[in-house]
Enquirer: 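Just dropping this structure here.
As the structure lists them, so they are numbered: ligands from 1, and atoms in each ligand from 1.
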Amino acid sequence: MQDSSGEDSGHFEAAYSLKTNDQTRQHYKSWADTYDREVGEINGYAQPQRVAEIISTLNPDLSCHILDAGCGSGLSGMAMHKSGYSNVDGCDFSPEMLEKSQEKGCYVKLFEANLNESLQDTADESYDVVACVGVFSFGHVFPDACDELLRVLRRGGHLIIALNEQYWDKGDLAAKLAKLEASGAIGILEKQFGEHMPGHKVNGWVISAVKM
Ligand SMILES: C[S@@+](CC[C@H](N)C(=O)[O-])C[C@H]1O[C@@H](n2cnc3c(N)ncnc32)[C@H](O)[C@@H]1O
């Protein structure tokens with residue numbers, strides 16, 4: 001699939017066939033230098049702005065402590081920063097993407113972490129908001145990671161997950177969220193359908209939940 005400019009490094013197509021975390025880390029190592037241009041500028045990646053708007057609605061306190069889980073090169077953190085949020089941490093398992101985030105200067109703290117494992121150095125209930133933008137996907141972060149994201153989120157805090165429709169349609173994340181809701185761990189507030197990557201005609205969901 002070509003992007004709307006005719007430029008295409010092949011990373012979009014490849015992203016949907018990733019299976020393992022090793023493949024995914026390698027994928028972002030080779031994409032880090034051109035990710036912002038291809039994803040943000042050429043293809044109009046819509047999810048960071050959608051998520052920033054939802055955070056503004058759910059938690060208008062601009063000093064609230066936010067974890068941008070899977071921050072990548074920082075497009076999601078930049079959207080929060082532009083909305084006025086000043087206390088945003090980011091983590092990712094790609095050192096090359098984290099380096100790009102560091103250059104943006106919109107994070108208080110950045111750290112390396114595999115979200116499919118435990119966030120060892122992060123205390124329980126550290127965050128008011130945990131946002132995962134474009135991170136639950138094939139070979140990326142899997143539904144069970146929600147347990148750890150909820151551990152580091154305070155009670156009454158918000159978990160916001162933005163993802164492409166292809167991964168949502170697989171059904172595993174929906175099943176996990178339904179199970180968490182049935183157990184009383186979260187309340188689902190909203191499931192919003194809209195643009196994900198307009199340049200590739202891909203739509204996506206933003207799911208907002210509150211930790212009970
Ligand atoms: C599509 S990018 C999204 C980045 C950023 N949130 C944004 O919206 O631009 C997906 C990011 O998830 C990270 N990622 C994938 N699997 C991960 C994992 N298991 N643990 C931590 N980060 C992961 C990748 O390194 C990449 O930076």
Enquirer: Where the closest heavy atom to atom 15 (C) of ligand 1 is concerned, which of Phe12, Phe93, Phe138, Tyr35 has it?
Expert: Phe93

Enquirer: Under 4.0 Å from a heavy atom of Gly72: which atoms of ligand 1 are those, numbered in the order shown and with their elements?
Expert: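 Heavy-atom distances to Gly72 below 4.0 Å select 4 (C), 27 (O).
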
Enquirer: Can you list the atoms of ligand 1 that are under 4.0 Å from a heavy atom of Ala113?
Expert: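 Once the distances to Ala113 are compared, the set is 20 (N), 21 (C).
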
Enquirer: Heavy atoms only: which of Leu115, Leu163, Thr24 lies closest to atom 20 (N) of ligand 1?
Expert: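 Result: the heavy atom closest to atom 20 (N) of ligand 1 is in Leu115.
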
Enquirer: For ligand 1, which is the ligand I care about here, please tell me if Val135 has any N or O atom under 3.5 Å from one of the ligand's N or O atoms.
Expert: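 It does not: no N or O of Val135 is found under 3.5 Å from an N or O of ligand 1.
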
Enquirer: I need the atoms of ligand 1 closer than 4.0 Å to a non-hydrogen atom of Gly70, numbered in the order shown.
Expert: 4 (C), 5 (C), 6 (N)

Enquirer: Please say whether the positively charged group of Arg154, taken as NZ for Lys or CZ for Arg, lies over the ring of Tyr127, i.e. under 6.0 angstrom from the six-membered ring centre and within 45 degrees of the axis.
Expert: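 Not satisfied by the 6.0 Å and 45° rule.
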
Enquirer: Could you see if Leu62 belongs to whatever hydrophobic cluster contains Val108? Use Ile, Leu, Val, Met, Phe, Trp, Tyr and a side-chain cutoff under 4.5 Å.
Expert: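 Per the 4.5 Å side-chain linkage, Leu62 and Val108 are not co-clustered.
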
Enquirer: Following the transitive rule for hydrophobic clusters with a side-chain heavy-atom cut-off under 4.5 Å over Ile, Leu, Val, Met, Phe, Trp and Tyr, establish whether Leu18 and Leu163 coincide in one cluster.
Expert: no

Enquirer: Nearest heavy atom to atom 12 (O) of ligand 1 wins, so pick from Val51, Asp92, Asn21.
Expert: Asp92

Enquirer: Determine, for Phe111 and Lys109, whether the Lys NZ or Arg CZ falls below 6.0 Å from the six-membered ring centre while staying within 45 degrees of the axis.
Expert: yes

Enquirer: Within ligand 1, which atoms have a heavy atom of Asn114 less than 4.0 Å away?
Expert: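 Here the atoms of ligand 1 in question are 18 (C), 19 (N), 20 (N).
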
Enquirer: Pick one of side chain, backbone, both or neither for how Cys132 approaches ligand 1, counting any non-hydrogen atom pair under 4.0 Å.
Expert: neither

Enquirer: So is Tyr45 close enough to ligand 1, meaning a heavy atom under 4.0 angstrom away?
Expert: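 A heavy atom of Tyr45 does come that close to ligand 1.
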
Enquirer: Would one find more than 12 heavy atoms of other residues, nucleotides or ligands at under 6.0 Å from atom CD of Gln102?
Expert: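 For Gln102, atom CD is not crowded (no more than 12 foreign heavy atoms under 6.0 Å).
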
Enquirer: Relative to the heavy atoms of Ser94, which atoms of ligand 1 are at a distance of less than 4.0 Å?
Expert: 25 (O)

Enquirer: For atom 1 (C) of ligand 1, state which one of Tyr28, Phe136, Trp31 supplies the nearest heavy atom.
Expert: Tyr28

Enquirer: With a 6.0 Å cut-off (strictly less than), is the heavy-atom count around CD of Glu99, excluding the residue itself, greater than 12?
Expert: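 No, CD of Glu99 has 12 or fewer neighbouring heavy atoms, counting only those of other groups under 6.0 Å.
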
Enquirer: Please list, in number order, the atoms of ligand 1 under 4.0 Å from a heavy atom of Ser76.
Expert: 5 (C), 6 (N), 7 (C), 8 (O)

Enquirer: Please tell me if the side chains of Val152 and Val130 come closer than 4.5 Å, counting only heavy atoms from C-beta onward.
Expert: yes

Enquirer: Which label fits Trp205 and Trp168: parallel for a plane angle under 30°, tilted from 30 to 60°, or perpendicular past 60°?
Expert: tilted

Enquirer: Linking I/L/V/M/F/W/Y whenever their side-chain heavy atoms sit closer than 4.5 Å, directly or via other members, would Ile54 and Leu149 fall into one cluster?
Expert: yes

Enquirer: Decide if the gap between the ring center of Phe138 and the ring center of Tyr167 is smaller than 6.0 angstrom.
Expert: yes

Enquirer: At under 4.0 Å between heavy atoms, is it the side chain or the backbone of Met97 that contacts ligand 1, or both, or neither?
Expert: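 Side chain only.
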
Enquirer: Between Tyr45 and Tyr35, how do the two ring planes meet: parallel, tilted or perpendicular, split at 30° and 60°?
Expert: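 Plane angle over 60°, so perpendicular.
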
Enquirer: Taking N or O atoms only and a 3.5 Å limit, does Pro48 qualify as a polar contact for ligand 1?
Expert: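 It does not: no N or O of Pro48 is found under 3.5 Å from an N or O of ligand 1.
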
Enquirer: Just checking, is any N or O donor in the side chain of Asp68 or Ser76 under 3.5 Å from an acceptor N or O on the other one?
Expert: yes

Enquirer: List every atom of ligand 1 that sits less than 4.0 Å from any heavy atom of Leu75, numbering the atoms from 1 in the order shown and giving each element.
Expert: 9 (O)

Enquirer: Ligand 1 and Gly134, any nitrogen or oxygen pair closer than 3.5 angstrom?
Expert: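 No, there is no polar N/O contact under 3.5 Å.
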
Enquirer: Can an N or O of Asp68 be found at a distance shorter than 3.5 Å from an N or O of ligand 1?
Expert: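 By distance alone, the answer is no.
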
Enquirer: Compute the shortest N/O to N/O distance between Val133 and ligand 1 and return yes if it is under 3.5 Å, no if not.
Expert: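 By distance alone, the answer is yes.
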
